Amino acid sequence: MKLRDDWDFRGLVHQTTDDAVLDRLSNGGVTAYIGFDPTAPSLHLGNLMQVCTLRRLQLAGNRPIALAGGGTGLVGDPSFKAVERPLLTVEKIEENLVGIREQLGRFLDFSPSAGSARALLLNNADWLTTVSLTDFLRDVGKHFTVNQMIAKDTVKSRLDRDDVGLSFTEFSYMLLQAYDFLRLHLDHDCTLQLGGSDQWGNITVGTELVRKATGHHADGVTTPLLLRADGQKFGKSESGNENVWLDASMTSPFALHQFLVNADDVAAPAMLRFFTFLDHETILELDEATRTVPQERRAQRAAANAIVTMVHGEAAALRAERAGEALFGESIADLDEATLLEVVADAPSSRVARSELEHGIDTAELVVRAELATSLGEARRFIEQGGVYVNNVRVDEGATLDVTALLHGRYMILRRGRRQLHLVVVA
RNA sequence: GGGUCAGUGCCCGAGUGGCCAAUGGGAUCUGGCUGUAAACCAGACGGCUUAGCCUACGGGGGUUCAAAUCCCUCCUGGCCCA
């Protein structure tokens, strides 16, 4: 299977500077890069597309470069952002890179045995923080006119607004990213940059710089966005809504699995294509299943299992799936101790003293202690609205919990809403 | 530096001395219906020792019985001028 055919099938290509680049990738031997923002100590679901893209490249015999934006992160990409983002400190970025580095290793082969396709992880802080201002203005800035820069869609929207402006810092961003491409081209013979469709503007500035500065041809490819049924971006946090992380301590494997299982029918086919490495036949079968028996959510389950396996390993994926089945199927109270613990293995847990429980604890208070609510008032509200369950049974208002609620003499499973779990263990 | 407009809860945005924990929309959350979906419907959405109290409308100070609303000052931002 040629990479080109696979990518066509999956719909992975949104725009290209030159269609022939897909043939070059199919033949292998190309060095290509994608940038990642080190804004958090972990990659999130929104990064998964690009991580998978790098992996696909590598599997086809190309060398993938993951470029951490340690330098650009100091500036902040304004592309399609409504307002300027807070700048990150050097220390914070360094800290974040530690986690991201580790996560990339689960998808890409960084070992020497990969030969010419060996993946690289670079940090643009290495050159962006040391290049001199005058060199930068002479070698990079002179290739671009402000006229063309302000015509970019990525900054246009900001220039058109009359309540916020665009700082020079942000405006310069595209040149920094272009400089990255030039550096990677000169130092690593990198000839292609990929990215999400929102990166098109920045990418083309890069290919242009490479051409103007070296006379060499360079390419750009963007991938489509994964959309939900309502047309919104999927799994991406523009204003702090969905934050699904690849780090198990930030988003448990169970939560990640649940998030994916819950994807709507419109997103399911795209998830299989973008985020998994399942073969075409399997994907087509799952598409068919979504059409004929959507209620079985086969595509969602398959995607969830594949993705959680890739991110957290097979055992975690299995646990997550069984936990889901137990939670939405059988009665939790009937599970034997080992199975019960298995189900809640990934859920956060807390301890409570037996003596305290013997006196009885107000449910709302326990909900707060379990961090299923941020305040007593909120906890009471959840209970009032019927959103709190103990051992899968809805709790009444004003109820007190005591030892009779314990499973196997020492466990209590608190749940808020559909799937926020918490295990209470009696110490 | 000068002029001018603006800064309200997660976001947008009403409110321009008391009836304001602050209209409305979005987001989010909970419940209902369902397929652990979408759409739709209902409710919630600062905190607390919850018929009450406390904290909040950029920061600080002031006027007043009473301020998100008036005054002073500082900070931040937009636009125009230098």
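In this text the structure is predicted, and so the values were computed from the model without any measurement. These values consider heavy atoms only, across backbone and side chains, with no hydrogens, waters or symmetry-generated copies. Order of the sequence lines fixes the chain letters, A, B, ..., with proteins taken first and strands second; residue numbering starts at 1 for each chain.
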Excluding sequence neighbours, so at least two apart, what forms ring pair (Phe, Tyr, Trp, His ring centres under 6.0 Å) with A:His280?
A:Phe9
The side chain of A:Arg297 lies closest to which of these nucleotides: B:C29, B:U36, B:G35?
B:G35
State which residues pass ring pair (Phe, Tyr, Trp, His ring centres under 6.0 Å) with A:Tyr33; sequence neighbours excluded, sorted by chain then number.
A:Phe181
Of the options B:A37, B:G31, B:U36, whose atoms approach the side-chain atoms of A:Tyr389 most closely?
B:G31
Of the options B:G32, B:G35, B:A38, whose atoms approach the side-chain atoms of A:Asp264 most closely?
B:A38
Of the listed B:U36, B:G35, B:A38, the closest approach to the A:Arg301 side chain comes from B:U36
In short, salt bridge (charged side-chain N to carboxylate O under 4.0 Å, His left out) pairs touching residues 126-140 of chain A with sequence neighbours left out are none
Which residue pairs pass the salt bridge (charged side-chain N to carboxylate O under 4.0 Å, His left out) test when at least one of the two sits in residues 275-291 of chain A, sequence neighbours left out?
A:Arg273-A:Asp287, A:Glu288-A:Arg291
Under a cut-off of 3.5 Å for both distances of each Watson-Crick or G-U pair, what dot-bracket string does RNA chain B give, using [ ] for crossing pairs and | for inter-strand pairs?
((((((((.[[[..)..(.....]]].(((((.......))))).(((...)))...[[[[[..)....]]]]]))))))).
So does A:Glu296 have more than 12 non-hydrogen atoms from other groups sitting under 6.0 Å from CD?
yes
Calculate the interatomic distance between A:Asn262 atom CG and B:A38 atom P; express it in whole Å.
7 Å
Could you name each residue pair satisfying salt bridge (charged side-chain N to carboxylate O under 4.0 Å, His left out) that touches residues 382-396 of chain A, not counting sequence neighbours?
none
Any idea which of B:U36, B:G31, B:C29 is nearest the A:Phe382 side chain?
B:C29
Per-nucleotide protein contact along nucleotides 45-57 of chain B, 5' to 3', at a 4.0 Å heavy-atom cut-off (B base, S sugar-phosphate only, - neither), is S-SSSB-------
Not counting sequence neighbours, which residues clear salt bridge (charged side-chain N to carboxylate O under 4.0 Å, His left out) with A:Glu321? List them please.
none
Is a donor-acceptor pair below 3.5 Å formed from side chain A:Gln385 to base B:G43, judging by atom type as modelled?
yes
Contacts of A:Arg380 meeting salt bridge (charged side-chain N to carboxylate O under 4.0 Å, His left out) (sequence neighbours excluded), chain-then-number -> none
